[in-house]
Amino acid sequence: MSKNRHHVRIAATLAALTLGTAGLTAVAPTAARAADGTVPGDNVAKLPISSYAAMVVDSVHERVYVTDGQDRSTSQVHIYNFQGQRTGSLSIGPVTSGMALSADSGTLYVSYTSGIVAYDTVTWQRTGAVSTATAPTCPRDVAFAGGKQWHAETPYNGTDCANNWNALYGVSGTMSVSTGWNAASRLRLTSGPEVPDRIVMAQTRTATETNPFVTTLDASGDTLVRGPERRFADAQGQGGLDMKDVAQSPDGRRIAVADAAYGTRLLEAADLSDAPVPYQPLPEGAKASAVAFSGDGTYIARGAAATGSTPDLLVQPADPASGRAPLEFAFEGALDGDRVVPRGLGWSKDGSRLFAVTTNASGTEYWLHVIQPPAAQYDSRFTGGLSTAPGRPVVGEPVGIRGRLELDGPAPAEPVRVTAVRHDANGDRRLAAAEVEADGSFTVLDVPSLVGDATYTVSFTGDVTHRPAEDVTLAVTVDKAPTALALRAPAEATKSAGLTITGTLTGQGRALPAGITLSVVRTDRKGTGTLTSAAVAADGTFTVSDLPRATGEVTYEIGYAGDDLHSGSTASATVRVRR
């Protein structure tokens, strides 16, 4: 077991999520220190397995059980404490594939080829066994609900485990008893002590079963009673479920599904309809692989299979309507694994630790991550309001939104970031996050694209030791970009030879439009008159030629009327005209 401080990356564009004093926080590559000086982070244990089947978290005895599911004469259940240290193992028969805890965490049920065995979780002694209907080489799931043990298995031997018919069994004495429920392809069972009488049963996707179902089963009585069922493909057969994991919220109201084809689905348990507010999509390139609610139902962990620096794990409030930014973890190295495995997440009941199993790209090595919170968290606030530099924003020109963030407690080892959103007549636009300086000052950069009223909202969503700050806003008026005319005229000219004035039109912000013409007004002793307009070339230059009608001082005023994004401008030149 190693204490790895460098493998977890919090995405630079998202600040960390506050999870309360008993909740989870992640560490940046250089970790912040908590109030007691300790460095919050995660322990990483290299698992002695070359395949993975299941993980069970026992919060009563503070143990984590992991099994490999290999088809060999003796497979093992590996036992770890909450610090990530291996404390023992249980030798099981071949194809050790499923595990479940009794509601009181007193018994661990483990399935293998010949049946299901029970172990006392204090002494680790075998306390019973159930002979299953068959002894197939295919894996089986185990669940504990309604005070009883359940399991799903294929009654057929063979190598095509994914496509074989699966059936759900209960237990009578030491024998398995068919419940009558069955379906094509493997059936995955999910149960837990938080919802003691319900099993969620989900069908896996195969080449022949392209529209799998999710359903719930009430195990409170003598027989299983099926609740709502849902399939997800549309009328054209698109959008079928590709289930990798299922989790129930501790209050039983919602069910989360890790769907590799969609992301994280959040369903109402009563009818399996979509929750009113969905979770935000996983990062681009990440496919959902695991999901788990914290013990109090406040937070959710969403695992994914992703490559490189794309996040593999998001931790956020379980209520997606909170709008809080998630913590993003990217596992990317020989000491960490590359992705979260299917069904590879579990929480301690108090939410103080999240357990994640990761694997490498080839699926031949595995790691157990024990992610822990810091010792304390502190308040944060924006002080002094916001200001702009320059003082009045101009469309198409950079503007800085300046402010100050005050953090209680210890200073973070790495600079924190604030995010900002600009709201104008075109809607909302999220701006690039800005780093906060050591003195708390920050500048969010923007280039307004629309003339008129706009509002900037700046947010700090917290870091490893600080709670989020209340948002601060600033209303501004965005002006048109200024333009300027520069003229080059002779000091003197003659009526007979005429004169030529040249010049350049320049503008700030976005490029000036093509086809601009300038007004030309001449004023002499005979009065004022408008001359032929002057065309502006692509490089902004123009020429005005004239045969003066009178001698003496003649003034030429040249003007640009402006456009939607640029203000107008004028310039004048006076020439002494002789005969």
Side-chain angles (χ1 to χ4, degrees), residues 1-3 21-24 42-49 52-69 75-92 96-112 116-130 141-151 189-197 247-248 250 290 292-299 301 341 343-357 366-373:
M1 184 273 293
S2 64
K3 189 172 277 281
T21 56
L24 173 73
D42 71 310
N43 297 340
V44 184
K46 183 67 181 297
L47 294 169
I49 59 178
Y52 171 80
M55 175 177 66
V56 168
V57 178
D58 177 359
S59 292
V60 173
H61 305 101
E62 295 194 352
R63 292 179 184 138
V64 180
Y65 300 93
V66 180
T67 188
D68 56 9
S75 295
Q76 289 186 317
V77 174
H78 303 279
I79 306 170
Y80 290 82
N81 62 22
F82 274 20
Q83 289 69 49
Q85 299 163 330
R86 189 170 183 265
T87 58
S89 64
L90 303 173
S91 294
I92 316 292
T96 304
S97 54
M99 294 188 294
L101 273 177
S102 61
D104 62 1
S105 294
T107 304
L108 175 70
Y109 298 96
V110 185
S111 68
Y112 72 112
I116 299 171
V117 290
Y119 287 88
D120 185 289
T121 52
V122 175
T123 65
W124 296 347
Q125 297 298 308
R126 184 179 293 199
T127 59
V130 172
D141 265 24
V142 182
F144 189 90
K148 299 179 285 292
Q149 176 195 148
W150 312 88
H151 60 273
L189 308 179
T190 300
S191 62
E194 294 83 7
V195 192
D197 294 331
Q248 302 185 76
F293 287 98
S294 63
D296 61 359
T298 305
Y299 307 104
V341 300
R343 299 166 72 96
L345 293 175
W347 290 81
S348 62
K349 185 173 180 57
D350 63 2
S352 65
R353 288 172 173 82
L354 172 67
F355 303 94
V357 177
Y366 295 84
W367 293 260
L368 174 65
H369 298 258
V370 184
I371 305 172
Q372 301 170 266

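This structure is a prediction, so every number in the text was calculated from the model and none was measured.
Between D68 and S75 the shortest heavy-atom distance is OD1-CB, 3.6 Å. In terms of heavy-atom proximity, L345 sits nearest to A301 at CD1-O, 3.6 Å. Considering every non-hydrogen atom in both G88 and W124, the closest pair reads CA-CZ3, 4.0 Å. Summarising the geometry of L101 relative to T121, their closest heavy-atom pair is CD2-CG2, 4.0 Å, with the distance given to 0.1 Å. Looking at every heavy atom in both residues, Y52 comes nearest to R343 through OH-O, 2.9 Å.
Looking at V60 and D104, their side chains never come closer than 4.5 Å, going by heavy atoms from C-beta outward. With contacts defined as side-chain heavy-atom distances shorter than 4.5 Å, the pair L108/H61 does not qualify. Annotation: side chain of Q76 is not in contact with side chain of P48 (no heavy-atom distance under 4.5 Å). Within the 4.5 Å cutoff, no side-chain heavy atoms of H78 are placed close to those of L47.
Of the possible donor and acceptor atoms, none in the side chain of N43 sits under 3.5 Å from a partner among the backbone N and O of V370. Judged by distance alone, with hydrogens and angles left aside, the side-chain atoms of S348 form a donor-acceptor pair with the main-chain N or O of R353 at under 3.5 Å. Not a single donor-acceptor pair under 3.5 Å links the side chain of T67 to the backbone N or O of A53. Not a single donor-acceptor pair under 3.5 Å links the side chain of T107 to the backbone N or O of A118. Side chain of Y80 to main chain of V66: no donor-acceptor pair is present (N/O by atom type, distance under 3.5 Å, no hydrogens or angles). In terms of modelled atom types and a separation under 3.5 Å, the side chain of S191 and the main chain of F144 share a donor-acceptor contact.
Judged as a side-chain contact (heavy atoms from CB on, under 4.5 Å), and not counting sequence neighbours, the contacts of S294 are D296, T298, Y299, W347. Applying the side-chain contact (heavy atoms from CB on, under 4.5 Å) criterion to P250, with sequence neighbours excluded, gives E194, F293. Applying the ring-ring contact (aromatic ring centres under 6.0 Å, His included) test to F82 and every residue at least two apart in sequence or in another chain returns F355.
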Criterion side-chain contact (heavy atoms from CB on, under 4.5 Å) on I92 and Y119, from CA distance to verdict:
CA-CA 11 Å; I92 316 292; Y119 287 88; 3.2 Å; yes

Decide side chain to side chain donor-acceptor pair (under 3.5 Å) for S97 and S111; before the verdict, give the C-alpha distance in whole Å, the side-chain angles of both, and the deciding distance to 0.1 Å.
CA-CA 6 Å; S97 54; S111 68; 3.2 Å; yes

Stepwise side-chain contact (heavy atoms from CB on, under 4.5 Å) check, L90 with I79
CA-CA 8 Å; L90 303 173; I79 306 170; 4.0 Å; yes

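How far CG of L354 is from CD1 of I371: 4.5 Å, rounded to the nearest 0.5 Å.
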